[in-house]
Every structure is written in structure tokens, then in C-alpha cells.
Amino acid sequence: MIILDGKGLSAKLKDELKCEMNSYKKTPILAVITIGNNDASKIYVNNKKKACEEVGMSFLHFRFKEEDKEEKIIKKIKELNKDENINGIILQLPIPDKFDKYKIINTIDSSKDVDGLTIESQGKLFNNVDTLIPCTPKGIMEIFKYYKIDLESKHVVIIGRSNLVSKPLYIECLKKNATVTVCHSKTKDLSIYTKQADILIVAVGKKYLIDKTMVKKGCIIIDVGISREDKKIYGDVNPNVESVCSMLTPVPGGVGPMTVAMLLRNTFDAYKKQNGVVSISELNVIK
Ligand code: NAD
């Protein structure tokens, strides 16, 4: 059984990114917006900040309070959209219910939408138009690429139907000529589908939802889920699958670090595009 080492791969990709960024005089800037005081978000934002520091990218954190007016946040995003020094903007989710999440996200200019969550970015993705792809699906596709996992004609079963992870993954897997099945909270008898999967991707957030009785021998499993219990992190997949599957992403250390690495990659790609660099040979344009 092979462990798909997202932690190691993300370190390698960050090193490559750091080298590439060294060819540029100006430092890319990622702006992160938080609203309220979500404990998990604090950890995620801190991880993103640390990752930016590791590669030499600037990180700006704009904190809003739960009592703040939505217009205040929208106004800040519009300012960041106009600011030529800002290359990527993300809204850290979840945000308090009183805010219109979609309205705030869709204020982000799609050229700076490094989480790939605006309607414009997702519409482009759906239509095979070049765009910024959400970081988790992008990171999973990088794992497939690095470990030479060919998706063509494979049956990929995705559990979950979110805009952040599962729907963009569905599109990305289709592009690679996989046959894709999407399951969700209303799917009757998940195991009917999971047992058919050559590649099983689980993005639910329920500790050990999937166990070894639900997967076929030799299956490749990507565990996206994160649940916290007594300060420990668990995935959606019971480690007992190790006796059945051929490859598995660990939690932690699998998809999570890849997501952060792809956020950096998206921010740098956005920076290059905003500065008119379309290929490496044009590096000197904005030196
Ligand atoms: P979500 O939290 O928005 O929704 C969960 C999905 O699971 C829904 O689509 C729902 O239909 C499905 N679901 C719920 N119960 C189910 C069940 N019993 N059987 C089958 N499907 C069920 O989805 P999300 O934002 O994609 O997040 C999913 C999980 O992935 C969460 O645990 C989240 O923390 C984690 N996540 C991890 C990373 C990472 O980098 N590792 C990134 C994003 C999300």
C-alpha cells in the first residue's frame, strides 16, 4: 500500500515555486479576509500565512468583526480589486450566517479569485475556459499527476457535492476522461457506489464514514475530510482500508498541505497573468 504523501509533495512544489518567484523583482501579495472568530479558521489562516512566508510571498490579513456591516467588507474587497499590488483575494470560510456569503465572494474580481469560488471562475471552469481552479481539487489533481495515476477510463466516485471541492473535482476528472459518479447526503446505500470505485474521493467531514468493507481491492483513496475531536484531526476514511486499498492519502498530511500549496500557486499564476506574463520565456517582462 502506497501512502500518497501530500506533505512531501507540497514541500517540493513550494520549493519550485520559491525558485520561480525569485526570478521576479516584485513580490506577489495574497489578501485574506476573515469575519468573526472561528477557531478552525484561525488555524487555517495561520497555515496560509506561514506558507506565504516560506516561499517569500506577502500576506495581508483583513479582519472584520461579526458586528461589522456587509457593505464595509464589500467596500474593502472593491478597493483590493482595484489595487494593482494585490494579486490574490480570499474570503476565509465559514463566515457568520448573517452575511450573504455568495454576494461577498462574487465581489472578488475573478482575476484575483485564487480560491476559484466566484460564479465567473466556476462558469469558466465548467466551460473549459482557462481560469483559477479551486485549491483542493487542484491539489488532488497534482497528486494524481505526481504519482502517475492515470484517470482515463477509470471509475472515479466522489462523495460530496460542494462548490469548493466536489463539483470542480467532477469537472477535472471528466477532463481526464474518467467516468465519474457523485454521491451525497441523500444517496441511498453509499457502499453500492464506493465498492465500484477504482478511485474514491471522499469530501464529507464525517469521521471514518468509509471503512474497508466499503471499498474494492486495489482502490485508490483520496481522503479530503477533516473532523476535529479532542484536538485531534480525523479523516472521512477509517485507516483499516489500508489492508484493501492500493494507495491512500493520510489525514493529516495528505490533501490539506496540497490545498495550501495550490493557494500559493494560484496567487502566483494570478500575479503573472495580471502582469501579462503568459509563459516562462516572458519572465523578463516584469523583472
Ligand atoms: P461541505 O462541508 O460543504 O458539505 C459536505 C458534503 O458531504 C455535502 O455535499 C453532503 O451532501 C455530503 N454528505 C454529508 N453527509 C453525507 C453522508 N452521510 N454520505 C454521503 N455524503 C454526505 O463540503 P466541503 O466544503 O467539500 O468539505 C468537505 C470536508 O472536506 C470537510 O470535512 C472539510 O473540512 C474538508 N475539506 C478539507 C480540505 C483540505 O484541504 N483537506 C479542503 C476543503 C474541505
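In listed order, ligands and their atoms are each counted from 1. Note: hydrogens, waters and symmetry copies are ignored here, and every other heavy atom, side chains too, is used.
Among all protein heavy atoms, the one lying closest to atom 11 (O) of ligand 1 is S185 N, 3.0 Å. Shortest contact from atom 9 (O) of ligand 1 to any protein heavy atom: R161 N, 2.8 Å. Nearest protein heavy-atom neighbour of atom 20 (C) of ligand 1: H184 O, 3.3 Å. Of the protein's non-hydrogen atoms, the one nearest atom 1 (P) of ligand 1 is S162 CB, 4.3 Å. Annotation: atom 5 (C) of ligand 1 to nearest protein heavy atom, V204 O, 3.5 Å.
With sequence neighbours excluded, no residue satisfies ring pair (Phe, Tyr, Trp, His ring centres under 6.0 Å) with Y44. For K188, there are no side-chain hydrogen bond (donor to acceptor under 3.5 Å, both in side chains) partners, not counting sequence neighbours.
Near A203, meaning under 4.0 Å from one of its heavy atoms, ligand 1 places the atoms 6 (C), 7 (O), 28 (C), 29 (C).
Checking side-chain atoms of S162 against main-chain N and O of V165 turns up a donor-acceptor pair under 3.5 Å. Checking side-chain atoms of Y147 against main-chain N and O of D5 turns up a donor-acceptor pair under 3.5 Å.
Salt bridge K272/E20: present, at least one basic N to carboxylate O contact under 4.0 Å.
Checked against Y170 for a side chain to side chain contact (heavy atoms under 4.5 Å, CB included), the options V182, T181, V156 give a single hit: V182. E16 pairs with exactly one of K18, K12, K14 by the salt bridge (Lys or Arg N to Asp or Glu O under 4.0 Å) rule, that one being K12.
Look at V224 and you'll find a heavy atom under 4.0 Å from some atom of ligand 1. At a 4.0 Å cut-off, at least one heavy atom of G225 sits close enough to ligand 1 to count as contact.
D223 and T249 share no side-chain donor-acceptor pair at under 3.5 Å.
For the pair G160 and ligand 1, the shortest N or O to N or O distance does not fall below 3.5 Å. Considering backbone and side-chain N/O of K206, one or more are found under 3.5 Å from N/O of ligand 1. Any N or O atom pair closer than 3.5 Å counts here, and T259 shares at least one such pair with ligand 1. Backbone and side-chain nitrogen or oxygen atoms of Y44 are examined, and none is located within less than 3.5 angstrom of a nitrogen or oxygen of ligand 1.
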